[in-house]
Colleague: 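Below is a structure I'd like to ask you about.
We name chains A, B, ... by the order of the sequence lines, and we start the count at 1 in each one. No hydrogens, no waters, no symmetry mates; every other heavy atom, side chains included, goes into these values.
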2 protein chains.
Amino acid sequence: MRNVSQSTVRRLSVYVRVLEDLERRGGETVSSRGLADRAGTTSAQVRKDLSYFGSFGKRGLGYSVPELLKSLRAILGLDRAWGVAVVGAGRIGQALARYPDFADKGFDVRAVFDNDPQKIGQRWDDLEVLDVGDLPQVFRERQIEIVILATGAESAQSVANQVVACGVRAILNFAPVKLQVPAGVGLNNVNMVPELESLSFALTNPQATARGVSGASQEPS
Amino acid sequence: MRNVSQSTVRRLSVYVRVLEDLERRGGETVSSRGLADRAGTTSAQVRKDLSYFGSFGKRGLGYSVPELLKSLRAILGLDRAWGVAVVGAGRIGQALARYPDFADKGFDVRAVFDNDPQKIGQRWDDLEVLDVGDLPQVFRERQIEIVILATGAESAQSVANQVVACGVRAILNFAPVKLQVPAGVGLNNVNMVPELESLSFALTNPQATARGVSGASQEPS
DNA sequence: ATATGTGAACATTTTCACAGCT
DNA sequence: AGCTGTGAAAATGTTCACATAT
């Protein structure tokens with residue numbers, strides 16, 4: 001399983017969502033085409049993505065929904081719970097800390113931190129906002145493995161350094177800065193302003209954007 | 001200027017951020033290398049990205065910071081204000097509606113909607129949560145051009161249909177569903193669960209992830 | 001000497017097309 | 001017949017390297 005692209009991993013994530021849905025509806029098997037249509041890609045792409053990890057289907061039949069789901073969950077590491085902390089208790093940090101889908105998918109938000117005395121001590125559901133000074137201790141106690149960074153731009157890098165020093169090797173960054181992290185630390189960025197700006201570009205330059213119909217099937221019938 | 005990739009557009013957005021920073025510090029000129037280092041890419045990439053839109057530099061000298069900034073803003077459509085509405089007044093909708101960076105960059109959040117009578121009428125700063133039933137009228141009155149969709153998964157598609165019917169041609173979707181929109185409508189998705197899942201993948205499969213040092217310069221010195 | 005702009009080389013990702021299994 | 005798994009082809013995106021301008 002060498003050199004799998006980010007795009008492939010993100011699509012696997014979508015396949016899991018689709019398979020969960022199919023399972024809920026009692027679907028037994030699905031073809032690469034069926035998966036692709038629901039995931040918004042092509043059957044060839046589905047088969048290629050899966051082929052990096054093994055062969056999961058039966059020729060002539062397609063894939064068993066529960067089996068493929070189980071395999072993909074194992075590949076993505078979703079067959080276990082992860083300890084997550086949110087650093088930054090502003091509106092975005094709060095929204096993320098209490099986002100119900102994270103818990104549903106096994107991402108357990110076990111702590112929230114801020115450095116603002118006004119916020120420290122606030123209770124949200126069963127979370128209490130903790131002092132960022134206590135971060136190392138709490139990380140150890142609660143086995144934090146993934147950090148969601150929702151501080152302002154100014155503090156993001158220094159918080160990142162701190163959490164990396166605590167042994168965290170995965171950061172999801174919402175602060176609008178390019179973080180420097182050592183090799184071996186996974187870093188994903190969610191940048192909301194560039195997302196809006198790319199829409200602004202599309203509105204401003206309709207020619208450059210006439211691309212794909214975001215409508216029906218991606219494949220020839 | 002045909003067929004510019006999404007990646008190029010997103011990088012332009014980053015260049016704008018870097019240039020704004022340089023301008024604030026009083027920088028007069030910058031080389032493709034200087035821009036690249038700050039933006040986390042390579043000088044060749046910077047020059048190639050810019051070359052899709054024209055030639056902005058002076059050989060031997062580099063780029064004038066204010067001039068390049070002005071050009072890039074025009075290309076991205078950031079030399080004007082955009083009318084933005086947020087639909088869905090949950091925690092995420094609220095965080096986005098009040099996110100100060102949007103206003104700073106010319107994305108004016110002019111309305112927030114929900115269908116929950118409990119939320120309708122709430123005031124946040126100078127925004128009032130409106131009834132989603134009034135959407136068409138308010139969109140016309142306030143000239144809404146971009147919609148941030150922050151509803152639950154169930155209502156997202158129907159809201160999308162509504163706003164498209166109102167003439168909106170750009171949607172930033174935070175709901176965890178694949179929206180179907182007609183050709184010509186720009187759609188960007190922010191999916192937080194897949195972001196976390198790709199980190200979970202990286203933690204679970206360190207071999208497949210040994211890639212790039214997210215640290216120092218991308219180029220040979 | 002310095003640094004852009006760009007065609008050509010390279011790398012990566014996606015799509016095609018088909019052999020092979022059910 | 002139906003559908004997977006996969007090499008080969010095509011398309012797309014990135015990097016090189018250099019002619020050209022200051």
Colleague: dT4(D) C1' sits how many Å from Phe53(A) CZ, rounded?
Modeller: 17 Å
Colleague: I'd like to compare against my own output: the B/S/- annotation of nucleotides 17-22 of chain D with a strict under-4.0 Å heavy-atom distance to protein.
Modeller: B-BBBS
Colleague: Any donor and acceptor pair, going by atom type alone, linking the side chain of Arg169(A) with main-chain N or O of Gly184(A) inside 3.5 Å?
Modeller: yes
Colleague: Determine whether a donor-acceptor pair (N or O, by modelled atom type, separation under 3.5 Å) exists between the side chain of Ser200(B) and the backbone of Leu196(B).
Modeller: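 Side chain of Ser200(B) to backbone of Leu196(B), a donor-acceptor pair under 3.5 Å: no, none is there.
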Colleague: Starting at the 5' end of nucleotides 7-14 of chain D, put B wherever the base has a protein heavy atom under 4.0 Å, S where only the sugar-phosphate does, and a dash everywhere else.
Modeller: BB----SS
Colleague: Can you confirm if the aromatic rings of Phe174(A) and Tyr99(B) lie within a centre distance of less than 6.0 Å?
Modeller: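 When the ring centroids of Tyr99(B) and Phe174(A) are compared, they turn out to be at least 6.0 Å apart.
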Colleague: Nearest-Å distance, CG (Leu68(B)) to P (dT4(C))?
Modeller: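 Whole-Å distance recorded here is 11 Å.
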Colleague: I want to check one thing: is the phosphate of dT4(D), taken as OP1 and OP2, less than 4.0 Å away from some side-chain N or O of Ser32(A)?
Modeller: yes
Colleague: Hey, does the side chain of Ser31(B) reach the backbone of Gly62(B) with a donor-acceptor pair shorter than 3.5 angstrom?
Modeller: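 No; judged by distance alone, with no hydrogens or angles, the pair does not exist.
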Colleague: According to the interplanar angle, ranging from 0 to 90°, do the rings of Phe107(B) and Phe102(B) count as parallel (below 30°), tilted (30 to 60°) or perpendicular (above 60°)?
Modeller: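 The arrangement is perpendicular - the two ring planes meet at more than 60°.
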Colleague: For Arg33(A) and dA1(D), what is the distance between atoms CZ and P respectively, to the nearest whole Å?
Modeller: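 To the nearest whole Å, that distance equals 19 Å.
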Colleague: Within the pair Tyr63(B) and dT2(C), is there a side-chain N or O less than 4.0 Å away from OP1 or OP2?
Modeller: no
Colleague: Would a distance-only check, ignoring hydrogens and angles, find a side-chain to backbone donor-acceptor pair under 3.5 Å from Gln157(B) to Leu179(B)?
Modeller: no
Colleague: Write down the atom of Gly90(A), the atom of Asp114(A), and the distance for their closest heavy-atom approach.
Modeller: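 Heavy atoms only, the tightest pair is N-OD2, 4.0 Å.
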Colleague: If only atom types and distance count, is the side chain of Ser71(A) paired as donor or acceptor with the main-chain N or O of Glu67(A) below 3.5 Å?
Modeller: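 At least one qualifying donor-acceptor pair exists.
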